[in-house]
Trainee: 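Supplied in structure tokens, the structure appears directly below.
Sequence positions, counted from 1, serve as the residue numbers for this chain.
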Amino acid sequence: MAGNVQIVGTGQLVELSRRLRAAGGPRLRQNLARRVRRAAEPLHRDLQGAVRTMALQSEGRKRNKHGQVPHGGPSPTTRPFRRMLAGGVRISVRTTSSPGARVWVDRSRIEPKARNVLHQVNATGRLRHPVFGNRKRWANQRSQAGWWTRRVQAGLPRMQAEVQRVLADVRRDLT
């Protein structure tokens, strides 16, 4: 899985970062960071929305050894599952070394037992998990493989064009 997306026009952004530092303009630097973040926000929202509405199809309940369909139990997580996963998708912007915007999955914001879920679903299109924490019974849920990669590829050209526009504006302000 493309765990993160980085927009870096390394040569242009590094040169611009040096010129910003030389000009001593913290206001310019903050403006650049804010506008680069804004360029990444539509992709960020799109990825979070995709996680919230991701179709995870179950194989259905299987009968137990007595021929009965078992009932569910309490959720093993403290937060709603998809909302928790969507909260792990983050943006970070750097204007110093290695400048650019990055949309990534912050695993520390996801509960420990679910930290690999987004990668697993993107890579295989399948989520295999224990049934309500019972490690003797496992369930499979299916989804579309490559959902992260497709959304990133669709949003990347717009993001890159916006960052180029921001760079041109800042360059114009510096001259």
Trainee: Run the numbers on Arg128 and Gln120 for side-chain hydrogen bond (donor to acceptor under 3.5 Å, both in side chains), then give the verdict.
Mentor: CA-CA 9 Å; Arg128 181 171 158 75; Gln120 185 181 9; over 6 Å; no
Trainee: How close do Met159 and Ala39 get, counting heavy atoms only, and between which atoms?
Mentor: CG-O, 3.0 Å
Trainee: Go through the steps to decide whether Phe81 and Val117 satisfy the test side chain to side chain contact (heavy atoms under 4.5 Å, CB included), and finish with yes or no.
Mentor: CA-CA 10 Å; Phe81 187 65; Val117 167; 3.9 Å; yes
Trainee: Start with the C-alpha gap between Arg102 and Arg94, add the side-chain angles, then the distance that decides, and say whether side chain to side chain contact (heavy atoms under 4.5 Å, CB included) holds.
Mentor: CA-CA 9 Å; Arg102 185 175 151 205; Arg94 291 175 59 166; over 6 Å; no
Trainee: How close do Arg37 and Ser92 get, heavy atom to heavy atom, and via which atoms?
Mentor: NH2-CA, 4.4 Å
Trainee: Establish, from distance only, whether the side-chain atoms of Asn134 and Arg137 form a donor-acceptor pair under 3.5 Å.
Mentor: no
Trainee: What are the two closest non-hydrogen atoms of Ala50 and Arg151, and how far apart are they?
Mentor: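 The answer is CB-NE, 3.0 Å.
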Trainee: Of all the heavy-atom pairs spanning Ala86 and Gln48, show the shortest one and how long it is.
Mentor: O-NE2, 2.9 Å
Trainee: List the atom of His44, the atom of Val103, and the distance in Å for their closest heavy-atom pair.
Mentor: CA-CG1, 4.4 Å
Trainee: Measure the shortest side-chain to side-chain distance between Val105 and Trp148 over non-hydrogen atoms and say whether it is less than 4.5 angstrom.
Mentor: yes
Trainee: Does the pair Arg90 and Arg109 meet the rule for a side chain to side chain contact (heavy atoms under 4.5 Å, CB included), with working shown?
Mentor: CA-CA 10 Å; Arg90 309 233 356 237; Arg109 292 182 134 206; 3.2 Å; yes
Trainee: For a quick test of reading the model, state the closest non-hydrogen atom pair linking Leu43 to Val152 and the distance between them.
Mentor: CD1-CA, 4.0 Å
Trainee: Please lay out, stage by stage, how Leu32 and Val36 fare under the test side chain to side chain contact (heavy atoms under 4.5 Å, CB included).
Mentor: CA-CA 6 Å; Leu32 172 66; Val36 169; 3.9 Å; yes
Trainee: Does this structure show an ion pair linking Arg38 with Glu41, if we count only N-O contacts that are shorter than 4.0 Å?
Mentor: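 Salt bridge: no.
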